[in-house]
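The next block holds one structure in the form of structure tokens; read it before the comments.
The shown structure was predicted, so the numbers you read here are calculated from the model rather than taken from an experiment.
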Number of protein chains: 4
Amino acid sequence: MEKMTSRQEQKIRTQQKIVEAANTCFIRKGMAYTLITDICEEAEVSVGTFYHYFNNKNDLIISQFKKFDMGFLEVAHRLIDNPDAWDSLIQFAHFFSRDASVSDKTLTLEYLKARVSLTVEQLFPRNRPYFIILCTVIYNGQVRRQLRADQTPQQLADLVMAATRGYNFDWASMDGAYDLHLRMQQDMPILFEGFRYREEYPYQLCDPAAVIPVQNVPKLYEQETAQLREYCESRLLR
Amino acid sequence: MEKMTSRQEQKIRTQQKIVEAANTCFIRKGMAYTLITDICEEAEVSVGTFYHYFNNKNDLIISQFKKFDMGFLEVAHRLIDNPDAWDSLIQFAHFFSRDASVSDKTLTLEYLKARVSLTVEQLFPRNRPYFIILCTVIYNGQVRRQLRADQTPQQLADLVMAATRGYNFDWASMDGAYDLHLRMQQDMPILFEGFRYREEYPYQLCDPAAVIPVQNVPKLYEQETAQLREYCESRLLR
Amino acid sequence: MEKMTSRQEQKIRTQQKIVEAANTCFIRKGMAYTLITDICEEAEVSVGTFYHYFNNKNDLIISQFKKFDMGFLEVAHRLIDNPDAWDSLIQFAHFFSRDASVSDKTLTLEYLKARVSLTVEQLFPRNRPYFIILCTVIYNGQVRRQLRADQTPQQLADLVMAATRGYNFDWASMDGAYDLHLRMQQDMPILFEGFRYREEYPYQLCDPAAVIPVQNVPKLYEQETAQLREYCESRLLR
Amino acid sequence: MEKMTSRQEQKIRTQQKIVEAANTCFIRKGMAYTLITDICEEAEVSVGTFYHYFNNKNDLIISQFKKFDMGFLEVAHRLIDNPDAWDSLIQFAHFFSRDASVSDKTLTLEYLKARVSLTVEQLFPRNRPYFIILCTVIYNGQVRRQLRADQTPQQLADLVMAATRGYNFDWASMDGAYDLHLRMQQDMPILFEGFRYREEYPYQLCDPAAVIPVQNVPKLYEQETAQLREYCESRLLR
DNA sequence: AATGAATGAGTGTTCATTCAT
DNA sequence: AATGAATGAACACTCATTCAT
């Protein structure tokens with residue numbers, strides 16, 4: 001059993017080494033110009049070994065997206081438990097874009113660009129974890145009359161997502177020329193102003209059972225999503 | 001003189017033929033998978049001829065962006081002369097994204113994705129034509145107390161541009177899965193709600209002379225930009 | 001260990017096969033007109049394999065020069081131990097040009113022409129093996145009063161080298177129109193007549209420690225040169 | 001007739017412009033890397049015009065050799081009339097290599113390299129002008145008992161030529177790393193020492209009528225060679 | 001599990017040359 | 001005589017992927 005463990009450890013360590021080497025190369029030469037052999041050299045691993053762990057470069061890249069997404073779960077509680085839903089939306093945009101400052105900027109840019117061009121549909125399905133969180137936050141905000149309720153939480157969540165992602169992509173398309181966080185700090189309050197509850201808007205809460213979308217959970221996220229959904233459902237205001 | 005003309009005409013016709021063939025191929029196989037030879041076959045032109053007109057595929061692609069940009073000038077008047085500045089912002093977002101519906105959708109997607117990965121900084125400088133238009137529209141809106149004036153026109157224009165471009169890129173990242181125009185029709189009024197003039201905001205008009213940015217006009221646009229700037233300056237409300 | 005050996009053997013065999021195929025092609029079509037694919041076909045190897053072993057055609061050609069140079073070491077002993085130094089100079093010229101008769105004449109011509117145009121300065125540095133040999137031979141000849149001693153061994157060695165190489169290049173420039181060895185047999189005794197010791201010349205032996213030049217040994221030859229230098233130093237007459 | 005002249009002048013001027021442009025390019029980028037279009041751009045002439053005057057790049061290059069050769073005729077008199085034949089041989093080597101210092105060094109290198117690799121047999125035929133001069137000088141030296149007469153003037157002339165050309169090629173192969181003229185000044189007296197008349201050598205003058213070779217005058221030189229031969233014959237000592 | 005030699009289809013690019021204007 | 005648009009064969013080199021060891 002110890003042997004098994006040491007083998008498994010070895011396995012994970014090698015895979016980890018490859019991923020890190022890949023990121024180092026991505027930063028150094030850019031994703032498009034990083035060759036399999038570059039990664040192998042950097043990881044001090046043979047080409048054969050690379051193919052033992054990944055089918056190809058894209059496979060490796062996609063495997064990284066989960067990490068980005070999952071890192072986000074940590075803040076779910078804070079967003080959901082924030083009594084000010086409108087502020088939560090602002091926070092959401094910031095958390096979503098945290099990679100732009102937290103990890104290496106160049107690397108974040110590379111992954112953002114990859115997201116646009118890779119066109120992996122599974123990449124941004126409605127029910128990816130943060131969409132669930134967002135719907136919960138918005139619904140609760142509607143209940144508390146902090147957010148407009150003339151549209152369903154999912155519709156508004158789509159809007160928040162599109163604006164947030166858009167800001168990320170735009171920043172990437174400008175090659176990170178400006179400080180994304182600073183810009184978001186200035187801009188999001190203006191862009192999200194329209195989300196605030198106003199008397200003049202119709203007020204129409206949706207069925208609480210329909211707040212959290214259910215379709216098409218990619219297997220990659222199945223487990224984590226199940227947990228998250230349960231938590232969110234338990235926090236829905238009635 | 002006739003001789004000159006016939007040669008020049010021929011030249012333009014050939015170049016045009018290549019561009020159209022390229023777009024046909026981009027739609028058929030995608031930009032990344034379109035070979036120079038594909039384009040040449042489609043255009044019924046030799047490889048040498050292609051390289052006589054363009055340095056490479058990227059060169060051709062970039063040359064197309066100018067066309068997209070310049071096509072936008074046609075609507076400048078409508079936007080600037082629209083008495084409702086807030087509505088102009090909404091219209092702007094629509095016009096900016098018109099390619100998504102006007103020309104072939106696949107082609108638009110290809111170009112949008114290309115924009116993200118090309119990383120041509122010159123692609124979106126502040127004073128590209130529509131930025132000038134936008135500043136004009138916003139300033140006039142501020143003068144008319146239709147738009148908030150606690151930020152400079154340029155700051156707000158940046159915001160509008162980022163949101164609009166972001167929406168385009170997001171749509172592209174989803175591979176055009178939804179109807180961009182429909183979504184914009186629904187979402188922009190909400191996102192731009194925060195631009196409206198409100199009594200509670202500070203009201204601070206900027207120096208009219210500083211409305212239209214002047215730096216770094218890329219040579220590609222020099223001529224057209226000069227004309228446009230003149231027009232915009234003449235339309236600024238005092 | 002056996003496994004290692006079999007792989008390494010295979011590697012050397014493949015590389016050898018490529019080199020031989022290249023030479024076959026050079027003879028058949030000339031260096032300039034030999035394509036990488038020609039070599040690969042002849043060697044029954046894929047293009048990729050060629051590039052696995054060499055960066056390009058030039059790389060392969062340069063790698064061959066070492067072989068030529070190193071083959072020369074075999075005669076070092078004979079030249080140095082020859083009691084008649086003047087005769088050694090004549091022999092040197094012959095040995096240096098032996099390829100012109102030993103291996104294929106066409107091939108030798110091709111390599112000579114390549115040498116002229118390659119402009120690899122490292123190709124003929126002063127301390128390339130035969131320069132060391134030559135200095136030793138000349139110094140010993142000066143000690144024995146067989147060769148003039150009004151110039152340093154290095155100066156005279158330069159002269160011998162230039163004349164010898166020059167004869168080779170000239171022969172190449174005439175496309176091997178005459179028999180190089182016959183010509184050398186006739187001409188070298190006349191050209192080298194001036195190297196003989198004569199009473200009327202000043203006689204000035206240089207410092208034995210300075211006979212063999214030390215600077216800039218190209219890495220390619222480091223090891224072999226070290227051995228050779230040691231040998232030559234041990235044979236210097238005092 | 002004036003029109004004709006002006007046309008012809010124009011023609012010669014254009015051709016001259018092309019040649020000069022070519023040389024400029026050769027210096028700037030090297031012969032091998034100079035494209036026809038480079039030359040045309042430099043000459044401010046269309047590609048079509050280039051092909052109007054030359055068949056190809058080689059054609060242009062070969063056309064230049066004549067100039068080099070003919071420039072040499074100027075010194076013929078000085079060499080032939082020099083009472084010291086041995087000194088004339090030394091002078092010959094210098095004059096032959098004068099381009100190395102007179103015109104642009106890089107250009108000279110390029111042409112020398114071209115000579116080796118072009119393999120134009122007509123390039124160095126025995127009876128190229130300077131061969132005739134050399135035979136005359138040597139024969140007269142033999143008559144005056146300044147030069148050894150155990151070999152025919154043509155044999156010795158071959159030797160002088162080979163050594164001289166060889167020195168040039170060697171210099172070129174080293175990419176002009178040393179000062180050719182300085183080296184020649186030092187080395188030629190040693191290398192040519194063996195040409196001196198000595199009592200111990202057999203003395204056998206050849207038939208004066210056979211001194212100057214007659215075969216294979218390339219058309220390119222026909223005219224000038226005829227004049228030169230006549231002059232040389234008139235200067236032969238009897 | 002790890003290696004790395006071998007593969008070869010794929011593709012961008014070059015550039016001398018032609019010929020209609 | 002001069003132009004320069006058009007040609008297209010020619011070629012070097014890449015790099016993801018396989019598989020025997």
Measure [atom1]/[X] against [atom2]/[N] and give the value in whole Å, please.
X	N	atom1	atom2	value
D/Arg13	F/dA1	CZ	P	15 Å
C/Ile61	F/dA12	CD1	P	11 Å
C/Tyr51	E/dG4	OH	C1'	20 Å
C/Lys17	E/dT7	NZ	C1'	13 Å
B/Asn56	E/dG12	CG	P	10 Å
C/Leu35	F/dA10	CG	P	10 Å
C/Ile36	F/dC13	CD1	C1'	9 Å
C/Gln10	E/dG4	CD	C1'	12 Å

Among the nucleotides E/dA6, F/dT3, E/dT3, whichever has the atom closest to the side chain of C/Ser46 is E/dA6
Among the nucleotides F/dA1, F/dA2, E/dA2, whichever has the atom closest to the side chain of D/His52 is F/dA1
NA contact type, [X], heavy-atom cut-off 4.0 Å: base, sugar-phosphate, or nothing?
X	result
D/Lys11	nothing
D/Tyr33	nothing
C/Thr37	nothing
C/Phe54	nothing

Under a 3.5 Å limit on both distances, the Watson-Crick or wobble mate of F/dA9 is E/dT14
Are A/Lys17 and A/Glu44 within salt-bridge range, i.e. N to O under 4.0 Å?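 So A/Lys17 does not pair with A/Glu44 through a salt bridge.
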Worksheet item: Is the shortest side-chain N/O distance from B/Gln8 to OP1 or OP2 of F/dA5 below 4.0 Å?
Response: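 No.
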Between F/dA6 and B/Thr49, is there an OP1 or OP2 to side-chain N/O distance shorter than 4.0 Å?
no
message = With no hydrogens and no angle check, just 3.5 Å: does a side-chain donor-acceptor pair link B/Arg13 and B/Gln16?
response =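 The answer is no; no qualifying pair exists.
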Check: When you check the side-chain N and O atoms of A/Gln10 and A/Thr14, is any donor under 3.5 Å from an acceptor?
Finding: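 Side-chain D/A pair, A/Gln10 to A/Thr14: present.
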*Measure the shortest side-chain to side-chain distance between B/Phe26 and B/Asn23 over non-hydrogen atoms and say whether it is less than 4.5 angstrom.*
yes
